[in-house]
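Remarks on the structure that follows.
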Amino acid sequence: MPAVPTVVTAPAVRRPDAATGGDDPAGLRDVVVAWFDEHARDLPWRAPDRTPWGVLVSEVMLQQTPVVRVAPAWHAWMTRWPTPADLAAASTADVLRAWDRLGYPRRALRLQDCARAVVERHGGQVPDDEAALLALPGVGSYTAAAVRAFAFGRRSVVLDTNVRRVLARAAAGTALPAPAQTVAEVRRAEAFVPDDDAAAARWAAASMELGALVCTARAPRCDACPVRDGCAWRAAGYPGDEHAARRRTQAWAGTDRQVRGRVMALLRDALGPVPQHAVDAVWPDAGQRERCVEALVADGLAVRTPGAGDDHPATYRLPH
DNA sequence: AAACCGGGGAG
DNA sequence: CTCCCAGGTTT
């Protein structure tokens, strides 16, 4: 077996007796938390002066964007709109421009909707109740659990892609978790969460950090891993990814997402309304382009102003 | 359950 | 080049 494994796509050979690390949640927890105490990154949303709203903003930004790209954007964002009330009152066009190229701009719209909901439903204070958090726009099971843990120090089951991978390997002995989250997986994750609020919050941060820094997807750094000796995946001889055949790679070139991104970039960078011919220039396939522009309008990310004759074409802009 | 939604950087 | 990333919403 390799000292530092690479996740291969070959079929896995399963060993029924391999789960030597999965039977000791408390032991695994302790070494991960101890490792975290020494290796935690000094992220801005972990600073002592953080606010619940700042944590929520960071979680929404991090939903599909890596830490290194979120950090500077988060700082600028929180400086400009420190509270939910500030963001609720902002121009949506400014919000979308500040979101810049973080990706999935609908997240920016939902974040502003979330700010408005926090103001209207909760007096401008982020709730610590799970049901109230889940009811906020853009907040799903992961983000609700993360806000409870990282903003309020409350117990919750934080199960993101990193934690899923750590538990899949250390506890279940598989190379990677299933493509979609399973009920059994949530139950297993629950077994690892300490009863105590503070300990649960620390485990959440520590397990995520281990997945982000050591137990990475492609080339895990097992030689630097604190749970190496208790890892079921390592004990089983690093079997390959049993779900490899069912994982589909998301295409990018030529997709609607690329077209939408180009149109949004055009509208973001424009100083005023963008004439139809400028929009037409960003993508050659008229059918796909028009469909994407319609979708952006329907999503509330773009606004069309009808034209008036050949000399006055329709124009597009960001929503106010 | 599955489709849809951005963009950049690592390998 | 391919693959990855602190998910949520909609159908």
Side-chain angles (χ1 to χ4, degrees), chain A residues 4 6-9 36 40-41 43-46 54-74 96 99-111 113-114 133-151 156-166 175-183 189 201 204-213 215-221 241 244 246-268 291-292 295-296 298-301:
Chain A
V4 177
T6 297
V7 176
V8 295
T9 57
F36 182 64
R41 288 171 293 181
L43 301 175
W45 45 88
R46 287 177 178 169
V55 171
L56 196 157
V57 171
S58 77
E59 293 301 339
V60 172
M61 288 182 170
L62 289 163
Q63 278 170 4
Q64 202 70 195
T65 305
V67 166
V68 289
R69 293 176 55 208
V70 164
W74 180 89
L96 290 171
W99 193 260
D100 195 42
R101 297 186 171 188
L102 289 180
Y104 296 115
R106 290 192 296 196
R107 289 187 292 157
L109 291 185
R110 293 196 194 110
L111 185 55
D113 288 341
C114 178
L133 284 166
L134 280 172
L136 296 172
V139 176
S141 60
Y142 164 73
T143 304
V147 168
R148 272 178 58 79
F150 305 145
S156 62
V157 182
V158 177
L159 192 56
D160 77 325
T161 184
N162 288 307
V163 180
R164 292 186 65 210
R165 188 171 55 250
V166 168
L176 293 170
Q181 185 175 296
T182 65
V183 174
S207 54
M208 289 178 64
E209 197 80 335
L210 187 70
L213 298 181
C215 196
T216 56
R218 181 93 58 113
R221 296 150 64 174
D241 176 20
R246 296 185 51 227
R247 297 187 197 280
R248 54 180 189 279
T249 61
Q250 286 191 324
W252 164 245
T255 62
D256 287 1
R257 288 190 299 168
Q258 184 181 24
V259 180
R260 289 166 58 102
R262 286 195 182 184
V263 174
M264 288 304 294
L266 178 68
L267 300 187
R268 273 199 311 267
R291 180 161 48 80
C292 288
L296 289 173
D299 286 346
L301 288 165

### Query
In whole angstrom, what separates A:L111's CG from B:dC5's P?
21 Å
### Query
Is there a donor-acceptor contact under 3.5 Å from the side chain of A:E59 to the main chain of A:A146?
no
Show me the protein contacts with nucleotides 8-11 of chain B, counting only N or O atoms at under 3.5 Å.
unit_1, atom_1, unit_2, atom_2, d
B:dG8, OP1, A:R101, NH1, 2.9

### Task
Quickly work out the A:R257 CZ to C:dG7 C1' distance and round it to whole Å.
13 Å
### Task
Kindly give the heavy-atom pair with the smallest separation between A:C292 and A:R260, and that separation in Å.
CB-CG, 4.1 Å
### Task
Report yes or no: does A:R106 contribute a side-chain atom to a donor-acceptor pair with the main-chain N or O of A:D299 at less than 3.5 Å?
no
#### Entry: Distance, rounded to the nearest Å, where A:R164 contributes CZ and C:dC4 contributes C1'
14 Å
### Message
Looking at A:R260, I'd like to know whether one of its side-chain N or O atoms comes within less than 4.0 Å of OP1 or OP2 on B:dG6.
### Response
yes
### Query
Hey, does A:L43 reach any base, or is it just sugar-phosphate, or nothing, if we go heavy atoms under 4.0 Å?
base
### Message
Main chain of A:R101, side chain of A:R69: is a donor-acceptor contact present, judged purely on distance under 3.5 Å?
### Response
yes
### Message
Tell me whether A:Q63 contacts the main-chain N or O of A:R107 through its side chain, where contact means a donor paired with an acceptor under 3.5 Å.
### Response
no
### Message
I'd like the P distance from B:dC4 over to C:dA6, given in whole Å.
### Response
24 Å
#### Entry: Distance test, side-chain N/O of A:T143 to OP1/OP2 of C:dG8, below 4.0 Å
yes
### Query
Touch check for A:T255, heavy atoms < 4.0 angstrom, all strands: base, sugar-phosphate only, or nothing?
nothing
### Query
Mind checking the P distance from B:dG6 to C:dT11? Whole angstroms is fine.
16 Å
### Task
Find the distance A:R107:CZ to B:dC4:C1' and express it as a whole number of Å.
14 Å
### Message
Base, sugar-phosphate or nothing for A:D256? Non-hydrogen atoms, less than 4.0 Å.
### Response
sugar-phosphate
### Query
Within the distance-only criterion (no hydrogens, no angle test), does the side chain of A:R221 pair as donor or acceptor with the backbone N or O of A:C215 below 3.5 angstrom?
no
### Message
Using a heavy-atom cut-off of 4.0 Å across all strands, would you classify A:R46 as base, sugar-phosphate, or nothing?
### Response
base
### Task
Round to the nearest Å and state the distance from A:Y104 atom OH to C:dG8 atom P.
13 Å
### Message
Rounded to whole Å, how long is the line connecting atom CD of A:Q258 with atom P of B:dC4?
### Response
16 Å
### Task
Name the nucleic acid region contacted by A:W74, choosing base, sugar-phosphate or nothing; use a 4.0 angstrom heavy-atom cut-off, strictly under.
nothing
### Query
Is there a side-chain contact between A:C114 and A:V60 (heavy atoms, below 4.5 Å)?
no
### Query
Considering the options A:T143, A:D160, A:L102, A:V67, which one meets the side-chain contact (heavy atoms from CB on, under 4.5 Å) requirement together with A:L62?
A:V67
### Nucleotide C:dA6, atom C1' - distance to CZ of A:R148 in whole Å
18 Å
### Listed nucleotide nearest any side-chain atom of A:Q64, set C:dA6, C:dG8, B:dG6
B:dG6
### Query
From C:dA6, B:dG7, C:dG7, pick the nucleotide closest to the side chain of A:R268?
B:dG7
### Task
Could you tell me which residues satisfy side chain to side chain donor-acceptor pair (under 3.5 Å) with A:Q258, sequence neighbours excluded, listed by chain and number?
none
#### Entry: Separation of B:dC4 C1' from A:Q63 CD (nearest whole Å)
15 Å
### Task
For A:R148 and A:L133, indicate whether the former's side chain and the latter's backbone hold a donor-acceptor pair under 3.5 Å.
no
#### Entry: Nearest to side-chain heavy atoms of A:T65, which nucleotide of C:dC5, B:dG6, C:dA6
B:dG6
Check nucleotides 9-11 of chain C for protein N or O atoms closer than 3.5 Å to its own N or O atoms and list the pairs.
unit_1, atom_1, unit_2, atom_2, d
C:dT9, OP1, A:G138, N, 3.0

